[in-house]
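Below: one structure, written as C-alpha coordinates.
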Amino acid sequence: MRSRFWLTAFVIGAGFLAATPRAGSQASDASTSPTVALLSELIRRDTSNPPGREGLVAELLAPRFKALGFEVDIVATPEPGKAHFIARLRGDGSKRPVLLAAHADVVGVEREKWTLDPFAGTVRDGYVFGRGALDFKGGLAVFAEAVLRLAERKVPLSRDVIFVAEADEEGGRYNTTWLAESHWPKIDAEFALNEGGWIIKGADGRVRYVSISTADKSSVPVIVTARGTSTHSSMPRPDSAIFALSRAMARLSAYETDVQLLPLTRRFFETLAKTSTPPLSTHFRNLLGVDPGLVRAADRAISADPLLHALLRNTLAPVLLNAGFRSNVIPGSAEATINLRLLPGVDPQDVVRELQRVIADPQVEVRLSNPAAGASKTPPSSEDTDLYRALEREARVAFPGAEVTPYLFQAGTDAGAWRSRGVPVYGIYPYPIDADDLTRMHGNDERVSVESLRQGTEMIYRTLVAVAAR
Ligand SMILES: [Zn+2]
(Lines give C-alpha, C1' and ligand atoms only; values in the text may rest on other atoms or scores of the structure.)
Protein backbone atom coordinates (compact mmCIF):
# COMPACT_ATOMS: atom_id res chain seq x y z
CA MET A 1 0.00 0.00 0.00
CA ARG A 2 2.60 2.41 1.02
CA SER A 3 4.62 2.00 -2.14
CA ARG A 4 1.53 2.45 -4.33
CA PHE A 5 0.61 5.68 -2.64
CA TRP A 6 4.19 6.78 -3.03
CA LEU A 7 4.25 5.91 -6.73
CA THR A 8 1.18 8.10 -7.31
CA ALA A 9 2.87 10.97 -5.55
CA PHE A 10 5.98 10.42 -7.66
CA VAL A 11 4.13 10.50 -10.97
CA ILE A 12 2.16 13.64 -10.06
CA GLY A 13 5.33 15.28 -8.85
CA ALA A 14 7.14 14.43 -12.08
CA GLY A 15 4.38 16.01 -14.13
CA PHE A 16 4.61 19.17 -12.10
CA LEU A 17 8.34 19.32 -12.59
CA ALA A 18 8.17 18.84 -16.32
CA ALA A 19 5.93 21.88 -16.58
CA THR A 20 8.19 24.15 -14.54
CA PRO A 21 11.76 25.30 -15.00
CA ARG A 22 14.23 22.83 -13.57
CA ALA A 23 15.78 25.66 -11.63
CA GLY A 24 12.95 25.25 -9.15
CA SER A 25 13.84 21.64 -8.46
CA GLN A 26 15.75 22.40 -5.32
CA ALA A 27 12.64 23.61 -3.58
CA SER A 28 10.48 20.74 -4.83
CA ASP A 29 10.27 17.22 -3.45
CA ALA A 30 13.80 15.89 -3.73
CA SER A 31 12.58 12.50 -4.98
CA THR A 32 11.43 14.11 -8.22
CA SER A 33 14.74 15.81 -8.98
CA PRO A 34 16.20 15.46 -12.47
CA THR A 35 19.27 13.72 -11.02
CA VAL A 36 17.09 11.01 -9.48
CA ALA A 37 15.07 10.60 -12.68
CA LEU A 38 18.24 10.37 -14.80
CA LEU A 39 19.86 7.88 -12.43
CA SER A 40 16.79 5.61 -12.59
CA GLU A 41 16.92 5.70 -16.38
CA LEU A 42 20.66 4.98 -16.40
CA ILE A 43 20.19 1.97 -14.12
CA ARG A 44 17.52 0.62 -16.49
CA ARG A 45 20.16 0.50 -19.25
CA ASP A 46 21.95 -2.70 -18.23
CA THR A 47 25.62 -1.99 -18.87
CA SER A 48 27.03 -4.93 -16.89
CA ASN A 49 30.59 -5.42 -18.08
CA PRO A 50 31.22 -7.77 -19.78
CA PRO A 51 30.00 -6.94 -22.33
CA GLY A 52 29.30 -3.34 -21.20
CA ARG A 53 27.07 -2.06 -24.01
CA GLU A 54 27.81 1.51 -22.92
CA GLY A 55 26.33 2.69 -26.23
CA LEU A 56 22.93 2.40 -24.49
CA VAL A 57 23.95 5.22 -22.17
CA ALA A 58 25.29 7.30 -25.06
CA GLU A 59 21.92 6.95 -26.85
CA LEU A 60 20.06 8.02 -23.72
CA LEU A 61 22.24 11.08 -23.13
CA ALA A 62 22.81 12.35 -26.67
CA PRO A 63 19.39 14.02 -27.31
CA ARG A 64 19.39 15.76 -23.93
CA PHE A 65 22.82 17.26 -24.38
CA LYS A 66 22.19 18.21 -28.01
CA ALA A 67 18.94 19.98 -27.09
CA LEU A 68 20.86 22.27 -24.73
CA GLY A 69 23.53 23.22 -27.25
CA PHE A 70 26.31 20.75 -26.44
CA GLU A 71 28.52 19.38 -29.22
CA VAL A 72 28.02 15.65 -28.90
CA ASP A 73 30.50 13.02 -30.03
CA ILE A 74 29.85 9.30 -29.66
CA VAL A 75 33.17 7.52 -30.08
CA ALA A 76 32.52 3.98 -31.28
CA THR A 77 35.05 1.32 -30.30
CA PRO A 78 35.93 -1.74 -32.40
CA GLU A 79 33.49 -3.71 -30.19
CA PRO A 80 29.85 -3.35 -31.34
CA GLY A 81 27.64 -1.56 -28.79
CA LYS A 82 30.62 -0.25 -26.83
CA ALA A 83 31.11 3.52 -27.08
CA HIS A 84 32.38 6.57 -25.20
CA PHE A 85 30.06 9.58 -24.97
CA ILE A 86 31.62 13.05 -25.11
CA ALA A 87 29.65 16.31 -24.81
CA ARG A 88 31.25 19.75 -24.95
CA LEU A 89 29.67 23.02 -23.90
CA ARG A 90 31.63 25.87 -25.46
CA GLY A 91 33.07 28.72 -23.41
CA ASP A 92 34.81 31.82 -24.78
CA GLY A 93 38.14 29.95 -24.86
CA SER A 94 40.01 32.32 -22.56
CA LYS A 95 40.79 29.38 -20.27
CA ARG A 96 41.46 25.68 -20.97
CA PRO A 97 38.59 23.18 -20.55
CA VAL A 98 37.38 21.53 -17.38
CA LEU A 99 36.35 17.88 -17.80
CA LEU A 100 34.01 15.59 -15.85
CA ALA A 101 34.49 11.86 -16.39
CA ALA A 102 32.22 9.04 -15.26
CA HIS A 103 32.26 5.41 -16.30
CA ALA A 104 29.02 4.12 -17.80
CA ASP A 105 29.66 0.40 -17.28
CA VAL A 106 28.88 -1.49 -14.08
CA VAL A 107 29.90 -4.82 -12.56
CA GLY A 108 27.46 -7.70 -12.87
CA VAL A 109 25.03 -8.86 -10.18
CA GLU A 110 24.18 -11.99 -8.22
CA ARG A 111 20.53 -11.45 -8.98
CA GLU A 112 19.14 -13.98 -6.49
CA LYS A 113 20.77 -12.07 -3.63
CA TRP A 114 18.98 -8.80 -4.44
CA THR A 115 15.65 -8.05 -2.79
CA LEU A 116 14.59 -5.92 -5.79
CA ASP A 117 15.31 -5.77 -9.50
CA PRO A 118 18.88 -4.48 -9.90
CA PHE A 119 18.04 -2.95 -13.28
CA ALA A 120 14.71 -1.26 -12.49
CA GLY A 121 16.03 1.98 -10.96
CA THR A 122 13.53 1.72 -8.11
CA VAL A 123 13.10 4.78 -5.88
CA ARG A 124 11.95 3.72 -2.43
CA ASP A 125 12.20 5.02 1.14
CA GLY A 126 14.39 7.91 0.11
CA TYR A 127 16.88 5.85 -1.92
CA VAL A 128 17.52 5.01 -5.55
CA PHE A 129 18.31 1.28 -5.77
CA GLY A 130 20.11 -0.56 -8.55
CA ARG A 131 23.45 -1.71 -9.92
CA GLY A 132 25.65 1.35 -10.32
CA ALA A 133 23.64 3.57 -7.93
CA LEU A 134 26.96 4.34 -6.19
CA ASP A 135 29.55 3.09 -8.65
CA PHE A 136 29.24 5.09 -10.77
CA LYS A 137 25.94 5.81 -12.46
CA GLY A 138 25.02 7.94 -9.45
CA GLY A 139 28.12 10.03 -10.11
CA LEU A 140 27.41 10.02 -13.83
CA ALA A 141 23.91 11.41 -13.14
CA VAL A 142 25.27 14.06 -10.75
CA PHE A 143 28.01 15.18 -13.16
CA ALA A 144 25.58 15.20 -16.11
CA GLU A 145 22.89 17.21 -14.30
CA ALA A 146 25.41 19.73 -12.98
CA VAL A 147 26.74 20.27 -16.51
CA LEU A 148 23.24 20.41 -18.07
CA ARG A 149 22.23 22.99 -15.46
CA LEU A 150 25.04 25.28 -16.66
CA ALA A 151 23.51 25.21 -20.14
CA GLU A 152 19.93 25.59 -18.93
CA ARG A 153 20.78 28.64 -16.88
CA LYS A 154 22.87 29.99 -19.76
CA VAL A 155 25.86 30.60 -17.49
CA PRO A 156 28.47 32.53 -19.57
CA LEU A 157 31.61 30.37 -19.62
CA SER A 158 35.29 31.25 -19.77
CA ARG A 159 36.22 27.70 -20.69
CA ASP A 160 34.70 24.65 -22.39
CA VAL A 161 33.02 22.17 -20.07
CA ILE A 162 33.50 18.58 -21.28
CA PHE A 163 31.43 15.68 -20.00
CA VAL A 164 32.54 12.09 -20.72
CA ALA A 165 30.60 8.88 -20.07
CA GLU A 166 33.24 6.19 -20.44
CA ALA A 167 33.35 2.56 -21.51
CA ASP A 168 35.32 -0.33 -20.01
CA GLU A 169 36.36 1.03 -16.63
CA GLU A 170 35.33 -2.17 -14.82
CA GLY A 171 37.22 -4.31 -17.36
CA GLY A 172 37.96 -4.69 -21.07
CA ARG A 173 40.35 -3.07 -23.54
CA TYR A 174 38.55 0.01 -24.82
CA ASN A 175 38.85 2.09 -21.66
CA THR A 176 40.09 5.66 -21.24
CA THR A 177 43.65 4.56 -21.99
CA TRP A 178 42.40 3.53 -25.44
CA LEU A 179 40.31 6.71 -25.73
CA ALA A 180 43.26 8.93 -24.80
CA GLU A 181 45.56 7.20 -27.28
CA SER A 182 43.08 7.48 -30.14
CA HIS A 183 41.13 10.71 -29.43
CA TRP A 184 43.21 12.82 -27.05
CA PRO A 185 42.28 16.27 -28.46
CA LYS A 186 38.62 15.57 -27.59
CA ILE A 187 39.37 14.98 -23.91
CA ASP A 188 42.35 17.26 -23.30
CA ALA A 189 41.62 19.64 -20.41
CA GLU A 190 43.25 21.81 -17.76
CA PHE A 191 41.88 19.55 -15.00
CA ALA A 192 39.19 16.95 -14.40
CA LEU A 193 36.79 15.35 -11.94
CA ASN A 194 36.33 11.58 -11.68
CA GLU A 195 35.35 8.94 -9.13
CA GLY A 196 37.65 8.45 -6.14
CA GLY A 197 37.25 10.00 -2.69
CA TRP A 198 34.30 9.76 -0.33
CA ILE A 199 31.78 11.93 1.46
CA ILE A 200 31.38 9.94 4.66
CA LYS A 201 28.52 10.46 7.07
CA GLY A 202 28.18 9.01 10.55
CA ALA A 203 25.28 7.09 12.09
CA ASP A 204 23.60 10.41 12.93
CA GLY A 205 23.53 11.36 9.23
CA ARG A 206 26.02 14.23 9.66
CA VAL A 207 28.91 14.34 7.16
CA ARG A 208 32.20 13.72 8.99
CA TYR A 209 34.69 14.22 6.20
CA VAL A 210 35.09 14.66 2.46
CA SER A 211 38.11 13.02 0.85
CA ILE A 212 39.21 14.07 -2.63
CA SER A 213 41.56 11.59 -4.29
CA THR A 214 44.60 13.09 -5.96
CA ALA A 215 46.52 9.86 -6.66
CA ASP A 216 45.90 6.15 -7.18
CA LYS A 217 48.07 3.22 -6.14
CA SER A 218 49.63 1.30 -9.02
CA SER A 219 49.32 -2.40 -9.77
CA VAL A 220 52.46 -4.41 -10.66
CA PRO A 221 52.54 -8.19 -11.32
CA VAL A 222 55.58 -10.05 -9.98
CA ILE A 223 56.55 -13.63 -10.88
CA VAL A 224 58.13 -15.94 -8.30
CA THR A 225 59.75 -19.00 -9.90
CA ALA A 226 61.21 -21.99 -8.07
CA ARG A 227 63.42 -24.40 -10.02
CA GLY A 228 64.37 -28.02 -9.31
CA THR A 229 65.17 -31.23 -11.09
CA SER A 230 62.52 -32.49 -13.47
CA THR A 231 62.30 -36.25 -12.98
CA HIS A 232 60.17 -39.35 -12.33
CA SER A 233 57.98 -38.95 -9.25
CA SER A 234 59.00 -42.41 -8.01
CA MET A 235 62.48 -41.09 -7.14
CA PRO A 236 61.98 -37.65 -5.51
CA ARG A 237 65.02 -35.50 -4.83
CA PRO A 238 65.46 -32.83 -2.17
CA ASP A 239 65.22 -29.96 -4.71
CA SER A 240 61.46 -30.14 -5.46
CA ALA A 241 60.38 -26.94 -7.20
CA ILE A 242 56.91 -27.15 -5.68
CA PHE A 243 58.23 -27.51 -2.13
CA ALA A 244 60.64 -24.63 -2.71
CA LEU A 245 57.82 -22.43 -4.00
CA SER A 246 55.64 -23.42 -1.04
CA ARG A 247 58.39 -22.43 1.42
CA ALA A 248 58.79 -19.11 -0.40
CA MET A 249 55.03 -18.45 -0.22
CA ALA A 250 55.02 -19.33 3.49
CA ARG A 251 57.76 -16.77 4.12
CA LEU A 252 55.91 -14.08 2.19
CA SER A 253 52.69 -14.86 4.08
CA ALA A 254 54.46 -14.09 7.35
CA TYR A 255 56.06 -10.93 6.01
CA GLU A 256 54.54 -7.47 6.36
CA THR A 257 55.78 -4.39 4.52
CA ASP A 258 56.67 -1.28 6.53
CA VAL A 259 54.29 1.60 7.14
CA GLN A 260 55.07 4.42 4.71
CA LEU A 261 53.24 7.67 5.30
CA LEU A 262 53.24 10.07 2.35
CA PRO A 263 52.35 13.75 2.80
CA LEU A 264 49.03 12.84 1.18
CA THR A 265 48.15 9.90 3.43
CA ARG A 266 49.46 11.71 6.52
CA ARG A 267 46.83 14.38 5.99
CA PHE A 268 44.14 11.78 5.47
CA PHE A 269 44.99 10.06 8.77
CA GLU A 270 45.14 13.44 10.54
CA THR A 271 41.56 13.93 9.37
CA LEU A 272 40.54 10.49 10.65
CA ALA A 273 42.13 11.35 14.03
CA LYS A 274 39.90 14.44 14.20
CA THR A 275 36.69 12.77 13.06
CA SER A 276 36.84 9.49 15.02
CA THR A 277 36.38 8.62 18.69
CA PRO A 278 38.69 6.76 21.14
CA PRO A 279 40.30 4.30 21.02
CA LEU A 280 40.56 4.69 17.23
CA SER A 281 41.39 8.41 17.39
CA THR A 282 44.30 7.58 19.75
CA HIS A 283 45.60 4.95 17.34
CA PHE A 284 45.50 7.48 14.47
CA ARG A 285 47.46 10.01 16.56
CA ASN A 286 50.03 7.38 17.57
CA LEU A 287 50.39 6.33 13.95
CA LEU A 288 51.39 9.89 13.05
CA GLY A 289 53.86 10.13 15.96
CA VAL A 290 57.58 9.30 16.16
CA ASP A 291 57.66 6.45 18.70
CA PRO A 292 58.33 3.30 16.63
CA GLY A 293 56.69 1.04 19.24
CA LEU A 294 53.51 3.10 19.29
CA VAL A 295 53.48 3.32 15.48
CA ARG A 296 53.68 -0.48 15.26
CA ALA A 297 50.89 -0.98 17.80
CA ALA A 298 48.74 1.64 16.05
CA ASP A 299 49.39 -0.02 12.69
CA ARG A 300 48.27 -3.41 14.06
CA ALA A 301 45.01 -1.93 15.36
CA ILE A 302 44.27 0.26 12.32
CA SER A 303 45.25 -2.41 9.80
CA ALA A 304 42.42 -4.64 10.98
CA ASP A 305 40.58 -2.57 8.38
CA PRO A 306 41.84 -3.86 4.98
CA LEU A 307 41.29 -0.46 3.31
CA LEU A 308 43.35 1.45 5.89
CA HIS A 309 45.97 -1.34 5.86
CA ALA A 310 46.31 -0.80 2.10
CA LEU A 311 46.67 2.99 2.44
CA LEU A 312 49.58 2.59 4.86
CA ARG A 313 51.95 0.52 2.74
CA ASN A 314 52.80 -1.36 -0.42
CA THR A 315 50.74 -4.54 -0.36
CA LEU A 316 51.38 -7.94 -1.92
CA ALA A 317 48.77 -10.55 -2.71
CA PRO A 318 49.35 -13.97 -4.30
CA VAL A 319 46.85 -14.33 -7.14
CA LEU A 320 47.95 -17.22 -9.42
CA LEU A 321 49.80 -20.51 -8.97
CA ASN A 322 51.14 -22.69 -11.76
CA ALA A 323 53.06 -25.97 -11.41
CA GLY A 324 53.14 -29.47 -12.81
CA PHE A 325 51.53 -31.16 -15.78
CA ARG A 326 51.34 -34.91 -14.96
CA SER A 327 50.73 -36.87 -11.79
CA ASN A 328 53.88 -38.99 -12.25
CA VAL A 329 56.33 -36.21 -13.16
CA ILE A 330 58.09 -33.90 -10.74
CA PRO A 331 58.06 -30.57 -12.59
CA GLY A 332 61.27 -28.65 -13.13
CA SER A 333 59.68 -25.36 -12.11
CA ALA A 334 56.78 -23.90 -10.14
CA GLU A 335 55.52 -20.37 -10.45
CA ALA A 336 53.39 -17.92 -8.46
CA THR A 337 52.11 -14.51 -9.52
CA ILE A 338 52.05 -11.84 -6.82
CA ASN A 339 50.04 -8.67 -7.35
CA LEU A 340 51.91 -5.72 -5.85
CA ARG A 341 49.96 -2.53 -5.14
CA LEU A 342 52.48 0.25 -4.78
CA LEU A 343 52.35 3.68 -3.24
CA PRO A 344 53.11 6.52 -5.66
CA GLY A 345 56.83 6.91 -6.36
CA VAL A 346 57.88 3.42 -5.20
CA ASP A 347 60.30 1.63 -7.55
CA PRO A 348 59.01 -1.93 -8.11
CA GLN A 349 62.62 -3.14 -8.50
CA ASP A 350 63.25 -2.18 -4.88
CA VAL A 351 60.29 -4.29 -3.78
CA VAL A 352 61.45 -7.23 -5.90
CA ARG A 353 64.86 -7.09 -4.18
CA GLU A 354 63.12 -6.98 -0.80
CA LEU A 355 61.00 -10.05 -1.63
CA GLN A 356 64.10 -11.91 -2.82
CA ARG A 357 65.74 -11.12 0.53
CA VAL A 358 62.68 -12.34 2.49
CA ILE A 359 62.50 -15.60 0.52
CA ALA A 360 66.26 -16.09 0.91
CA ASP A 361 66.50 -19.18 -1.30
CA PRO A 362 68.86 -19.42 -4.30
CA GLN A 363 66.44 -21.94 -5.84
CA VAL A 364 63.77 -19.22 -6.08
CA GLU A 365 63.87 -16.19 -8.36
CA VAL A 366 61.67 -13.08 -8.06
CA ARG A 367 61.20 -10.86 -11.11
CA LEU A 368 58.84 -8.30 -12.57
CA SER A 369 56.36 -9.67 -15.07
CA ASN A 370 57.16 -6.61 -17.18
CA PRO A 371 60.94 -6.09 -16.80
CA ALA A 372 60.60 -2.48 -17.95
CA ALA A 373 58.19 -1.50 -15.15
CA GLY A 374 59.57 1.39 -13.15
CA ALA A 375 58.40 3.74 -10.44
CA SER A 376 55.23 5.59 -11.43
CA LYS A 377 56.38 9.00 -12.62
CA THR A 378 52.92 10.46 -12.19
CA PRO A 379 52.95 12.71 -9.14
CA PRO A 380 49.76 13.24 -7.12
CA SER A 381 47.55 15.87 -8.72
CA SER A 382 48.33 19.31 -7.31
CA GLU A 383 45.96 20.80 -4.75
CA ASP A 384 47.10 24.20 -5.96
CA THR A 385 44.57 24.54 -8.78
CA ASP A 386 41.32 26.45 -9.23
CA LEU A 387 39.38 23.19 -9.48
CA TYR A 388 40.72 21.62 -6.27
CA ARG A 389 40.22 24.88 -4.37
CA ALA A 390 36.67 25.28 -5.70
CA LEU A 391 35.69 21.70 -4.85
CA GLU A 392 37.21 21.98 -1.38
CA ARG A 393 35.37 25.25 -0.75
CA GLU A 394 32.03 24.00 -2.05
CA ALA A 395 32.36 20.79 0.00
CA ARG A 396 32.69 22.99 3.10
CA VAL A 397 29.64 25.01 2.03
CA ALA A 398 27.58 21.87 1.39
CA PHE A 399 28.63 20.08 4.56
CA PRO A 400 29.38 22.65 7.29
CA GLY A 401 31.74 21.38 9.96
CA ALA A 402 33.05 18.50 7.84
CA GLU A 403 36.78 18.04 7.35
CA VAL A 404 38.04 18.08 3.75
CA THR A 405 41.20 16.14 2.92
CA PRO A 406 43.16 14.93 -0.10
CA TYR A 407 43.21 11.17 -0.44
CA LEU A 408 45.17 8.30 -1.98
CA PHE A 409 42.80 5.94 -3.80
CA GLN A 410 43.64 2.37 -2.74
CA ALA A 411 42.99 0.86 -6.19
CA GLY A 412 43.37 2.06 -9.75
CA THR A 413 40.83 4.14 -11.67
CA ASP A 414 40.56 5.39 -15.23
CA ALA A 415 42.13 8.69 -14.11
CA GLY A 416 45.56 7.50 -15.26
CA ALA A 417 44.79 8.43 -18.86
CA TRP A 418 44.75 12.10 -17.80
CA ARG A 419 47.16 12.15 -14.86
CA SER A 420 49.88 10.44 -16.92
CA ARG A 421 49.55 13.31 -19.45
CA GLY A 422 49.92 15.95 -16.77
CA VAL A 423 46.21 16.73 -16.36
CA PRO A 424 45.28 16.89 -12.64
CA VAL A 425 42.33 14.63 -11.76
CA TYR A 426 40.32 14.93 -8.54
CA GLY A 427 38.29 11.90 -7.54
CA ILE A 428 35.05 11.99 -5.61
CA TYR A 429 31.92 9.89 -5.26
CA PRO A 430 29.75 13.01 -5.15
CA TYR A 431 27.16 12.05 -2.53
CA PRO A 432 27.21 11.47 1.23
CA ILE A 433 27.23 7.77 2.10
CA ASP A 434 27.41 5.75 5.30
CA ALA A 435 29.04 2.42 6.08
CA ASP A 436 25.89 0.49 5.11
CA ASP A 437 25.75 2.16 1.69
CA LEU A 438 29.44 1.42 1.14
CA THR A 439 29.18 -2.34 1.73
CA ARG A 440 26.53 -2.52 -1.02
CA MET A 441 28.95 -1.14 -3.63
CA HIS A 442 29.83 -4.01 -6.02
CA GLY A 443 27.48 -5.97 -3.67
CA ASN A 444 23.73 -6.43 -3.32
CA ASP A 445 20.90 -3.88 -3.08
CA GLU A 446 23.29 -1.08 -4.06
CA ARG A 447 21.71 2.29 -3.32
CA VAL A 448 22.27 6.02 -2.97
CA SER A 449 20.08 8.42 -1.05
CA VAL A 450 17.88 10.89 -2.89
CA GLU A 451 18.97 13.69 -0.56
CA SER A 452 22.64 12.82 -1.15
CA LEU A 453 22.12 13.11 -4.92
CA ARG A 454 20.56 16.54 -4.45
CA GLN A 455 23.44 17.71 -2.25
CA GLY A 456 26.02 16.31 -4.67
CA THR A 457 24.46 17.92 -7.74
CA GLU A 458 24.37 21.28 -5.99
CA MET A 459 28.00 20.96 -4.84
CA ILE A 460 29.29 19.98 -8.30
CA TYR A 461 27.21 22.67 -10.03
CA ARG A 462 28.58 25.35 -7.72
CA THR A 463 32.12 24.00 -8.24
CA LEU A 464 31.69 24.32 -12.01
CA VAL A 465 30.33 27.85 -11.74
CA ALA A 466 33.36 28.74 -9.62
CA VAL A 467 35.90 27.44 -12.15
CA ALA A 468 34.15 28.03 -15.47
CA ALA A 469 31.78 31.01 -15.16
CA ARG A 470 33.00 34.20 -16.76
ZN1 LIG B 1 33.76 2.88 -10.35
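These numbers come from the heavy atoms of this one structure, side chains and all, not from hydrogens, waters or symmetry mates.
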Q. Got more than 12 heavy atoms from elsewhere within 6.0 Å of CZ, Arg421?
A.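 Above 12, so yes.
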Q: For Arg173, look at atom CZ and say whether over 12 heavy atoms of other residues, nucleotides or ligands are found less than 6.0 Å away.
A: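 Counting other residues, nucleotides and ligands, CZ of Arg173 stays at 12 neighbours or fewer.
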Reported [atom1]-to-[atom2] distance for the pair [X] and [Y], which is rounded to 0.5 angstrom:
X	Y	atom1	atom2	result
Arg208	Ile200	CZ	CD1	11.0 Å
Thr47	Glu54	OG1	CD	6.5 Å
Thr275	Tyr209	OG1	OH	6.5 Å
Gln410	Leu343	CD	CG	12.0 Å
Leu280	Ile302	CG	CD1	6.5 Å
Leu89	Arg159	CG	CZ	13.0 Å

Would you mind reporting whether [Y] and [X] have side-chain heavy atoms less than 4.5 Å apart?
X	Y	value
Ser219	Asn339	yes
Asn175	Asp414	no
Leu316	Thr257	yes
Arg296	Glu256	no
Leu272	Leu308	yes
Pro344	Leu408	yes

Taking all atoms of both residues into account, what is the closest heavy-atom pair of [X] and [Y], and its distance?
X	Y	result
Ala146	Ile460	CB-CG2, 3.7 Å
Ala101	Trp418	CB-CH2, 4.0 Å
Ser213	Gly197	OG-N, 3.7 Å
Lys82	Gly52	NZ-CA, 3.8 Å

What class does the angle between the rings of [X] and [Y] fall in, given that below 30° is parallel, 30 to 60° is tilted and above 60° is perpendicular?
X	Y	answer
Trp178	Tyr174	perpendicular
Tyr429	Tyr431	tilted
Trp198	Phe409	tilted

For [Y], does its backbone N or O pair with a side-chain atom of [X] as donor and acceptor, under 3.5 Å?
X	Y	answer
Arg454	Val450	no
Asp160	Gly91	yes
Asp105	Glu169	yes
Ser158	Lys95	no
Ser420	Gly416	yes
Asp135	Met441	no
Glu446	Gly132	yes
Arg440	Asp445	yes
Arg447	Ala133	no
Thr265	Leu261	no

(Q) Any carboxylate oxygen within less than 4.0 angstrom of a Lys/Arg side-chain nitrogen, looking at Arg149 and Glu145? (A)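 Looking at Glu145 together with Arg149, the answer is no, because their closest N to O distance does not fall below 4.0 Å.
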Indicate whether any N or O donor in one side chain lies under 3.5 Å from an N or O acceptor in the other, for [X] and [Y].
X	Y	value
His103	Asn194	no
Ser376	Ser218	no
Ser303	Arg313	yes
Thr214	Tyr388	no
Asp384	Ser382	no
Thr413	Asp216	yes
Thr122	Asp117	no

Q: Test Glu403 against Thr405 for side chain to side chain contact (heavy atoms under 4.5 Å, CB included), laying out the working first.
A: CA-CA 7 Å; Glu403 299 285 332; Thr405 173; 5.9 Å; no
Q | Step-by-step side chain to side chain contact (heavy atoms under 4.5 Å, CB included) determination, Val404 to Phe399 | A | CA-CA 10 Å; Val404 183; Phe399 310 108; over 6 Å; no
Q | Option passing side chain to side chain contact (heavy atoms under 4.5 Å, CB included) with Met459 (candidates Val397, Leu464, Leu391) | A |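 Of Val397, Leu464, Leu391, side chain to side chain contact (heavy atoms under 4.5 Å, CB included) with Met459 is met by Leu391 alone.
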Q. Out of Val161, Val164, Ile162, which one pairs with Leu100 under the side chain to side chain contact (heavy atoms under 4.5 Å, CB included) rule?
A.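 Single pass found, and it is Val161.
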Q. Which one of His84, Lys186, Arg88, His183 satisfies the side chain to side chain donor-acceptor pair (under 3.5 Å) criterion with Asp73?
A.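 Of all the options given, the one that passes is Lys186.
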Q: Starting from the C-alpha separation in whole Å, work towards a yes-or-no answer on salt bridge (Lys or Arg N to Asp or Glu O under 4.0 Å) for Arg131 and Asp46.
A: CA-CA 8 Å; Arg131 174 54 85 226; Asp46 180 354; over 6 Å; no
Q.
Let's go through Glu383 and Arg267 carefully: what are the C-alpha distance in whole Å and the side-chain angles of both, what is the deciding distance for salt bridge (Lys or Arg N to Asp or Glu O under 4.0 Å) to 0.1 Å, and is it a yes or a no?
A. CA-CA 13 Å; Glu383 294 150 45; Arg267 287 170 58 195; 2.6 Å; yes
Q: Evaluate side chain to side chain donor-acceptor pair (under 3.5 Å) for Ser381 paired with Arg419, printing each intermediate quantity in order.
A: CA-CA 7 Å; Ser381 296; Arg419 283 205 190 107; 3.0 Å; yes
(Q) Please confirm whether the ring centroid of Phe85 lies under 6.0 Å from the ring centroid of Phe65. (A)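 Judged by ring-centre distance (under 6.0 Å), Phe85 and Phe65 do meet the cut-off.
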Q: Would you please test Glu41 and Arg44 for side chain to side chain contact (heavy atoms under 4.5 Å, CB included) and show each step?
A: CA-CA 5 Å; Glu41 286 193 72; Arg44 276 181 225 127; 3.7 Å; yes
(Q) Assess the residue pair Arg389 and Asp386 against the criterion (salt bridge (Lys or Arg N to Asp or Glu O under 4.0 Å)); give the C-alpha distance rounded to whole Å, side-chain angles, the decisive distance to 0.1 Å, and a yes or no. (A) CA-CA 5 Å; Arg389 277 188 292 269; Asp386 287 344; 3.1 Å; yes
Q | Check against salt bridge (Lys or Arg N to Asp or Glu O under 4.0 Å), Arg396 and Glu392 | A | CA-CA 6 Å; Arg396 291 188 201 285; Glu392 183 182 40; 3.5 Å; yes
Q: Check step by step if side chain to side chain contact (heavy atoms under 4.5 Å, CB included) holds for Tyr426 and Tyr407.
A: CA-CA 9 Å; Tyr426 306 110; Tyr407 180 63; over 6 Å; no
